[in-house]
Amino acid sequence: MSIKEMPSQYIAREHEDSIYKMWETSDAFNPDSTSYVLPTKSFSIIMPPPNSNGSLHIGHAVFVTLQDIMTRFHRMRGDKTLWLPGADHAGFETQVVYQKKLEKEGRNWFTIPRAELYQEILDFTLENKKIMEGQLRKLGASCDWSREKFTLDPDIVKTVYATFKRLYDDGLVYRENRLVNWCVKHQTTLSDLEVKHEERVDSLYCINYGPLTVATVRPEPIFADVAVAVHPKDKRYKNLIGKMARIPLINKEIPIIADESVEAGFGTGAVKVTPSVDHNDFELAKKHNLPIIQIIDQFGKLTEPAPEKYRGMKVKEAREAVVADIKEAGLLQKVDEQYVHAVAVCYKCGTILEPRLLPQWYIKMATLRDGAVKAVKTGEVKFVPKRMEKVFMHWMKNLRDWNISRQIVWGIRIPVWYRSSVPPLRVRGGEEGLRASHNPPQPSLILREGDMEIYVGTEPPKDEGWTQDPDVFDTWFSSGQWPFATLGYPNGKDFKDFYPTSVMETGWDILFFWVARMIMLGLYVTGKVPFEHVYLHGLVRDKDRQKMSKSKGNVIDPLGVIDLYGADALRMALVIGNTAGNDIIISEEKIKGYRNFANKIWNASRFVLMNLDPLSPTPLPKGEGRVRVKLTVADKKTLKELDAMAKKVTSHLDKFEFHHAGETLYHYFWHTFADKIIEQMKPRLQIPSPQSSPTRGEEAGRNPSPATGRGQGEGDRKAAQYILHTCLATCLKLLHPFMPFVTETIWQQMPKEKQSMLIVEKWPSK
RNA sequence: GGACGGUUAGCUCAGUUGGUAGAGCAUCGCUUUUACACAGCGGAGGUCGCAGGUUCGAGCCCUGCACCGUCCACCA
């Protein structure tokens, strides 16, 4: 395309793909590329690997934009710059997506053998991964594809296993039989973080237990009650402590105990203790050495200790039945139907979680936590915005041990093997059936834990009789090791060159899930923090401030937007008005506005290019074989202002103030360069007239006469060309990290002594 | 129950160490001037949530309040 062929409108989709291809094939994204001449510093970002279970959404576009801005900025500065891309198998998240897909197809998840199911999900994931990679390219991501990692790559899994083994050897990971958060729909436990608390209105029943009355919202598991607790100083019940209460309907006697944790003011001041269905009760049972009786099974149905009549009923159904019977027995004293309380639900499906007693692997957080807290306190890891440090600290303070076992198929299998004289799993449906691997060990087996040998290792044991733990890791356990795992810890060259990484840029919604875990595990494994800065962007919301999600159907498809307005327009719309930590509200109007800006850049450039002389493509103030130009006072001022603007942009970028940098550029380019500088130069660009005298020319050069509409001589014309060329070239460089496509497209049209790419041009400011 | 954030022009948001309020979009008027109508020029529009305080001076600092939002949390 020649300058004359540049149309008067910039149509992004006609240029973007070929520009990206040019970058990619030139190896410009690779820090080992020859375009880096003796870099003094390195700069690295590990891309938060997108979940490979669907298409990219607008939220991905935010992180791509911000990380690409940083990457391109540092690359142009001459830093040895690595942006390492990746993809996440996203364990539970993907399994949920796939489960829904199977439901739609009318297939039963639980009848498909584990290995087959795993393969299906793997195919599904890899297919999505491929699509996503294409989409990242559409957004202009200048990441080094030659270093791309997938969370299930063998070397990643190897690192994850080694970490687990080390934690085990250090006594920081342990297996314990404990009350866990169980989702009856997804048939797995969840970590505390994956539990959502929702406010619900339920009935609070006051039920007669013989000598006293207890208040409860859960009457259905009363058959598993082991005690009634009261406050030791409660006068009403003081003389009952140590005596017996009676469970309604089965007339079983249970002791009345005293505990400080009971609030005398709540309900009747007496609380039933059902350790297998409530975390508080569980703690109470442990403290008072009470038995723990399971009554709700993995499907949320009542089991054995319940009388025949209620067995097999789901919680809700059982509750109605039990209440009705208690009422009939005349033991229901009062019902408060408007009792508002928080219930724990699955963060994915909203199903009420049933606590269950199961052996799971836990990570001891205390040691890991202390290191991370210290790193943040001493500033080894800095948060942007800073206030997120407070949020981080608050969460860290209240950290409990982390359950990393998941009873799902899709993930990294826990490298633990058991051997016992009794079968480790009581299975239904045979070895091949999925239930076998899905189901957690039955309670009866748990009691035999002591009889089992446990083998923890990165490789399976050599001798006979071992069975691998059917569970997989919580996906955040492996992704918590992402920064060092991807760089080839411990001996990889990249690990030496790029670890600790410079910036971790991600959404604040995964601050606890991911960022905290990366800091803790990074410090534990490598002894160093995984990154120096954490930049947390907000969530993209729609006009009604709703979080965009597939299930709500309010997603903006970034690919559709790119096709209409261009990737550059989308990127600018996501950067400007977006401050760290705050949510981003995006509208089509805004994107259109920056499409217009791209067009403005295009046309201003077109004008400049049309007015440069082909014979002296790069006008210079002095130079061999070139016409001598003399800059006016105004010209010098223009250059000074340009330089100041470049410094300002650079400083903003250094401080992670991307919105300021973008706004500064937008404003300068449009309202200073295009509106003022170009307009002022127009008269000086006229073909010089023979009449103009040098004296008058110099005088008028400072004040081009609008009356004649003429510039003053060849030298002055060259000066004008020089100013325009310099301003444009500088602006294109500065704008490149934000709007890589349009700037590079124009750059390819700029008169140059030799072929070059803007992506590796030198940054025009310190 | 704990904690955090927000409240600035019709809308979405900036406002860097306190010094007579800013941008984009929308809107109104004019201009179809040979880079661009995805444009140019010009205009209108805010007692910066409320009440006190510190200061020569506060959108910015302090105290209290109101409203909105978010996160954390095993109280029946």
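Note that the coordinates shown come from a computational prediction; the quantities given were computed from them, not determined experimentally. Any value given below was found using the heavy atoms of this structure, including those in side chains, with hydrogens, waters and symmetry copies removed. Labels below follow one simple rule: chain letters A, B, ... track the order of the sequence lines, proteins then strands, and each chain is numbered from 1.
Counted by atom type alone, A:Glu641 and A:Thr638 present zero donor-acceptor pairs between their side chains at under 3.5 Å. Residues A:His537 and A:Asn578 bring no donor and acceptor atom of their side chains to less than 3.5 Å of each other.
Checking B:C74, B:G15, B:C36 against the side-chain heavy atoms of A:His197 singles out B:C74 as nearest. For A:Lys600, whose side chain is taken as the heavy atoms from C-beta onward, the closest listed nucleotide among B:C71, B:C36, B:C38 is B:C36. Nearest to the side-chain atoms of A:Met610 among the listed nucleotides B:A35, B:C75, B:C71 stands B:A35. Side-chain atoms of A:Phe512 lie closest to B:C72 of the nucleotides B:A35, B:C72, B:U70. For A:His660, the listed nucleotide lying nearest its side chain is B:A14; candidates were B:A35, B:A14, B:C38. Each of B:C74, B:C71, B:G15 was ranked by its minimum atom distance to the side chain of A:Trp508; first place goes to B:C71. Side-chain proximity of A:Arg400 to B:C74, B:C38, B:A35: nearest is B:C74.
The same atom, C1', is picked in B:U54 and in B:C67; the two are 27 Å apart, to the nearest Å. Here, B:C75 and B:U7 have their C1' atoms 34 Å apart, quoted to the whole Å. For the C1' atoms, the distance from B:C11 to B:G46 is 14 Å, rounded to whole Å. B:A37 sits 37 Å from B:U20 when the C1' atoms are compared, rounded to a whole Å. B:A21 and B:A44: their P atoms are spaced 16 Å apart (whole Å). Between B:G24 and B:G18, the distance separating the two P atoms is 27 Å to the nearest Å. On the C1' atoms, B:C25 is 37 Å away from B:C62, given to the nearest whole Å. On the C1' atoms, B:G1 is 34 Å away from B:C13, given to the nearest whole Å.
In the interface, the side chain of A:Glu263 is paired with the base of B:C75 through a donor and an acceptor atom under 3.5 Å apart. A donor and an acceptor atom sit less than 3.5 Å apart, one in the side chain of A:Glu679 and one in the base of B:A35.
Within the structure, salt bridge (charged side-chain N to carboxylate O under 4.0 Å, His left out) pairs that include any residue of residues 204-219 of chain A comprise A:Arg218-A:Glu220, A:Arg218-A:Glu354 (at least two apart or interchain). Within the structure, salt bridge (charged side-chain N to carboxylate O under 4.0 Å, His left out) pairs that include any residue of residues 563-575 of chain A comprise A:Arg13-A:Asp563, A:Asp68-A:Arg571 (at least two apart or interchain).
Across all strands, A:Val195 comes closer than 4.0 Å to no nucleic acid atom at all (heavy-atom distances). Heavy atoms of A:Phe282 sit nowhere under 4.0 angstrom from any nucleic acid atom. Contact annotation for A:Phe392: no contact, since no heavy-atom pair falls under 4.0 Å across all strands. Here A:Asn578 lies out of heavy-atom contact (under 4.0 Å) with every strand. Looking at heavy-atom distances under 4.0 Å, A:Ala598 makes no contact with the nucleic acid at all.
For B:A14, one of the phosphate oxygens OP1 or OP2 lies less than 4.0 angstrom from a side-chain nitrogen or oxygen of A:Thr579.
Of the possible polar contacts, none joining the A:Asn599 side chain to the A:Arg595 backbone as a donor-acceptor pair under 3.5 Å is found. With hydrogens and angles ignored, the 3.5 Å screen pairs a side-chain donor or acceptor of A:Lys590 with a backbone N or O of A:Ala573.
Evaluation of the side chain to side chain contact (heavy atoms under 4.5 Å, CB included) rule for A:Asp281 yields A:Val273, A:Thr274, A:Asp278 as partners, not counting sequence neighbours.
Residue A:Lys287 qualifies as enclosed at atom NZ: its count of foreign heavy atoms under 6.0 Å is above 12.
For the pair A:Leu609/A:Pro751, a side-chain contact is recorded, criterion being any heavy-atom separation below 4.5 Å from C-beta on.
Checked options A:Phe669, A:Trp670, A:Tyr668; the residue passing with A:Tyr666 is A:Trp670 (criterion: ring pair (Phe, Tyr, Trp, His ring centres under 6.0 Å)).
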Check: Once each nucleotide of nucleotides 1-8 of chain B is scored for protein heavy atoms under 4.0 Å, what B/S/- sequence comes out, 5' to 3'?
Finding: -B--S---

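A tilted orientation is assigned to the rings of A:His671 and A:His667, their planes being inclined by 30° to 60°.
With the nearest nucleotide of RNA chain B identified for both A:Val271 and A:Asn398, A:Asn398 has the one nearer the 5' end.
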Tabulated below should be each protein N or O lying under 3.5 Å from an N or O of nucleotides 24-34 of chain B; please produce it.
from	atom 1	to	atom 2	distance (Å)
B:G24	OP1	A:His671	NE2	3.4

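Stem regions for RNA chain B, each three or more consecutive Watson-Crick or G-U pairs with both distances under 3.5 Å and listed by first number, read B:1-7 with B:66-72, B:10-13 with B:22-25, B:27-31 with B:39-43, B:49-53 with B:61-65.
Taking the ring centre of A:Phe673 as origin, the terminal cationic atom of A:Lys600 falls outside the region bounded by 6.0 Å and 45° from the ring axis.
Aromatic ring centroids of A:Phe738 and A:Phe597 lie 6.0 Å or more apart.
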